[in-house]
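Remember, predicted model here, so these are calculated numbers, not experimental data. Start at 1 with the first residue, then count along the sequence.
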Amino acid sequence: MKTTTTKHWLWSLPVVALLGLLSYGCSSNGELGSSAEAAQQVYVAPGEHDEFYGFFSGGYNGQLGVYGLPSGRHLFTIPVFSQAAVNGYGYSEETKAMFQTTDGFVPWGDAHHPELSQTNGETDGRWVFINENNTPRIARIGLDDFKTQEIIEIPNSAGNHASSFVTPNTEYVSAATRFSIPMDEEDLSNMDVSIDTYKENFKGTISFIKVNEEGKMNIDFQIMMPGFNYDLSHAGKGPSDGWSFFTSYNSEQANTLLEINASKNDKDFIAAINWEKAAEYAREGEGKVIPGKHYRNYIDHEEGGIAKSELIEEVRVLDPRELEGLVYFLPTPKSPHGVDVDPTGQYIVAGGKLSTVIPVHSFAKMEEAIANENFEGEVMGIPVLNYDSILHGEVQNPGLGPLHTEFDGNGYAYTTAFISSEIVKWDIEKTEVVDRIDVYYSPGHLMIPGGDSQNPDGKYLVALNKITKDRYLPTGPEMFHSAQLIDISGDKMKLLLDFPTEGEPHYAQGITADKVIKEQKRYYDLSENGHPRATTSEKQTRVERDGNEVHVYMTTIRSHFTPDNIEGIKVGDEVYFHVTNLEQDWDVPHGFAIKGANNAELLIMPGETLTLKWEPKKVGVFPFYCTDFCSALHQEMSGYIRVSPANSSTEITYGTGQ
């Protein structure tokens, strides 16, 4: 009996496959011509470089992963919103200030959406921005040294999800609140009200952060919005430059059991923001300036790379009920997640995660509808455009659960289908599916290098799979998420490679390596080290006591510390090791760690100065050593520090090579 049942089940498989084919209209082609062909396409020989950098958000690890494409090699992790013991970021005295917020010291973040800086609508290799969802912040990372240079906090926000998306010349980085909260109409302060007054009291905000030529960020203005959930964004380009588009869901304004109560309406909205007009209003002093405390943390390069925190007290808020032409709502089915603008800037594509179609809005038709006041209502003074009047077309059979779209620059769009686990390729003008490919498990975002710019590279696509199921060696209950590299250079998509990623990548950005390599910093010029505690030669090394503070001015070079024997430290002292790496060769960092430290090590790049604070709790002699293998005599690169009782009369002495 058991054998018969199995045979019947096996015979049913072709039927299931046929039904799937008929349902979707196009066949899935996840297979390759051959494994050898795929291996050849992704193989990067030893000593050769990948063609692209891929910057992958780390999600709940709070960092930014750097991968080479097409190899899938994990090259580096850039610490951003979370402390990193690997190099002391967030632990060293120079970097602690990067985690300052109005909620205090916050050493963890939820990093979602990286976005490369652009010039004339093309990626330019200067910076990459990334948002933090939990404690609303945006960071700017310099691509000359792959370090976080600045983090700005976003006030009047709860869940900074729809960010960080740049305008075509990086004039602005935008940010929108994911979770609306009860806001006082006068000053946007968070109110103590019953949660079931959501419809009466809850509001959202959309923020535009100005970026100057050096990269400095400041919040130019915020726009008060209805109490929806704001999810994703992209800026317009070409004819739609000057506008930004934000998806929103929960137009029902529900506050409990959202998977049911926020999924009732047939359509939610894309918010079209005329940011050029908003910026003009802000320049003219429109809106109101209200209290809005937030921190801007930045690396002060003029003072040797020490992080500083600047508390900003106010923010300008614009109200669309009072300022004409600021915001319009584009009705969009259903619970839209992603919103993407094609390379021509003519079409706005929404990913309605509960929709059976992909709606494609026309920017020209949107402008015409605004001019003709073709509205079907308003929400909080914001006109709602007529759906049919702005529609370019609807993509039929796009897979189940369409989320995000990117473009190849050749007239085609690619959309992830979360539920049916596939990537769907479709013709933008005809809004017709032309190809589809299975991916392993539930893709969220996808990435084509330059795929959200005016000039996509259009060679590879990376599917970022959300559910932690993979096809690698098992690692117990916890697994990394899987990314898949797909060749999109031909008519048919081809799967080339699976590779694991750190944390949960929500989004990624890709850029040709040559745009980044040419500006790479190999080491820090010792003669330009402006750190106030720098020691640029061994002759300057010293140990100084100031009450219960002890400052050790130390240098490292292959293969010793100066000084490497220190006495006169007492229990209860605060000891600051200011360590300068004297090397001036690429790829010769030195580490510093000491027994009993309760923070981290330091990893000091050539020409750099970093500081570790150590508070000895016990009497004895404690070793310190270099943690980064730097030479054949790396093991010998160590020293000792003597700690005496708190009431000891032992004087400070120090030396090397006695």
Side-chain angles (χ1 to χ4, degrees), residues 54-67 77-86 89-90 95-96 98-115 128-141 148 150-165 173-181 190 204-207 209 217 229-233 246-250 258 294-297 337-338 353 403-404 418 442-445 447 464-468 478-483 500-509:
F55 297 96
F56 289 57
S57 71
Y60 43 69
N61 78 2
Q63 317 295 35
L64 184 64
V66 184
Y67 294 79
T77 297
I78 303 172
V80 187
F81 296 115
S82 297
Q83 290 177 303
V86 68
Y89 176 79
T95 57
K96 282 181 180 177
M98 296 300 280
F99 295 111
Q100 185 63 45
T101 76
T102 52
D103 293 308
F105 181 79
V106 179
W108 170 84
D110 185 15
H112 278 224
H113 303 119
E115 181 87 348
V128 58
F129 301 87
I130 190 167
N131 65 321
E132 204 275 278
N133 191 32
N134 185 62
T135 306
R137 292 173 282 178
I138 287 179
R140 177 178 57 83
I141 295 106
T148 301
E150 185 176 4
I151 296 176
I152 192 166
E153 189 179 7
I154 313 295
N156 307 318
S157 179
N160 176 41
H161 193 261
S163 65
S164 49
F165 297 98
V173 178
S174 62
T177 185
R178 176 181 176 186
F179 308 111
S180 290
I181 54 176
N190 198 344
T205 58
I206 293 177
S207 305
I209 296 93
M217 299 187 290
N229 293 60
Y230 297 89
D231 211 0
L232 260 297
S233 175
F246 297 79
T247 50
S248 65
Y249 63 98
N250 193 21
L258 297 192
H294 59 284
Y295 276 96
R296 173 181 168 259
N297 307 319
H337 186 38
K353 55 183 179 280
L403 293 184
H404 297 283
F418 179 80
S442 297
H445 281 275
M447 180 269 279
L464 300 166
N465 300 330
K466 299 296 287 183
I467 307 299
T468 54
E478 184 177 350
M479 297 176 285
F480 279 170
H481 289 68
S482 177
T501 56
E502 285 194 296
E504 182 194 356
H506 290 257
Y507 186 39
Q509 288 262 283

Under the 3.5 angstrom rule, does the side chain of [X] hit a backbone N or O of [Y] as a donor-acceptor pair?
X    : Y    : value
N133 : N160 : yes
S233 : A162 : no
T205 : T177 : no
T501 : A483 : no
S82  : G109 : yes

With sequence neighbours left out, write down each residue that passes side-chain contact (heavy atoms from CB on, under 4.5 Å) with [X], or none if nothing qualifies.
X    : answer
A508 : F56, M447, L464
Q100 : Y295, N297, S309
T135 : T101, D103, V106, E132, R137
S180 : Y198, F202, Y230

Salt bridge (Lys or Arg N to Asp or Glu O under 4.0 Å) involving E504 - partner list, sequence neighbours excluded: K466
Just jot down the salt bridge (Lys or Arg N to Asp or Glu O under 4.0 Å) partners of R296, sequence neighbours excluded, or say none.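 Residues passing salt bridge (Lys or Arg N to Asp or Glu O under 4.0 Å) with R296: E150, E310.
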Find the distance between [atom1] ([X]) and [atom2] ([Y]) and round it off to the nearest 0.5 Å.
X    : Y    : atom1 : atom2 : result
R140 : I209 : CZ    : CD1   : 13.0 Å
I138 : N131 : CD1   : CG    : 6.5 Å
T247 : N229 : OG1   : CG    : 10.0 Å
R178 : S163 : CZ    : OG    : 12.0 Å
F81  : D110 : CZ    : CG    : 10.0 Å
H112 : I130 : NE2   : CD1   : 9.0 Å

Heavy-atom pair of closest approach, residues [X] and [Y]:
X    : Y    : value
G90  : F99  : CA-CE1, 3.1 Å
G338 : L232 : CA-CB, 4.0 Å
T148 : P79  : OG1-O, 2.7 Å

Quick one: does [X]'s side chain get under 4.5 Å of [Y]'s, heavy atoms only?
X    : Y    : value
L64  : V128 : yes
F480 : S482 : no
I78  : V80  : yes

ring-ring contact (aromatic ring centres under 6.0 Å, His included) involving [X] - partner list, sequence neighbours excluded:
X    : answer
F129 : none
F165 : H113, H234
H337 : H404

Check step by step if side chain to side chain contact (heavy atoms under 4.5 Å, CB included) holds for H445 and L403. CA-CA 7 Å; H445 281 275; L403 293 184; over 6 Å; no
Stepwise, does the side chain to side chain donor-acceptor pair (under 3.5 Å) test hold for D231 with H161? CA-CA 6 Å; D231 211 0; H161 193 261; 3.1 Å; yes
Summary of side-chain hydrogen bond (donor to acceptor under 3.5 Å, both in side chains) pairs that have at least one residue in residues 55-65, sequence neighbours excluded: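 Residue pairs passing side-chain hydrogen bond (donor to acceptor under 3.5 Å, both in side chains), neighbours aside: none found.
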Excluding sequence neighbours, so at least two apart, what forms side chain to side chain donor-acceptor pair (under 3.5 Å) with S174?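 Partners of S174 by the side chain to side chain donor-acceptor pair (under 3.5 Å) criterion come out as none, since no residue qualifies.
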Which residues pass the side chain to side chain donor-acceptor pair (under 3.5 Å) test with S248, sequence neighbours left out? none
Is K353 close enough and on-axis enough to Y249, meaning under 6.0 Å and within 45°, for cation-pi?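 Yes, K353 and Y249 form such a contact.
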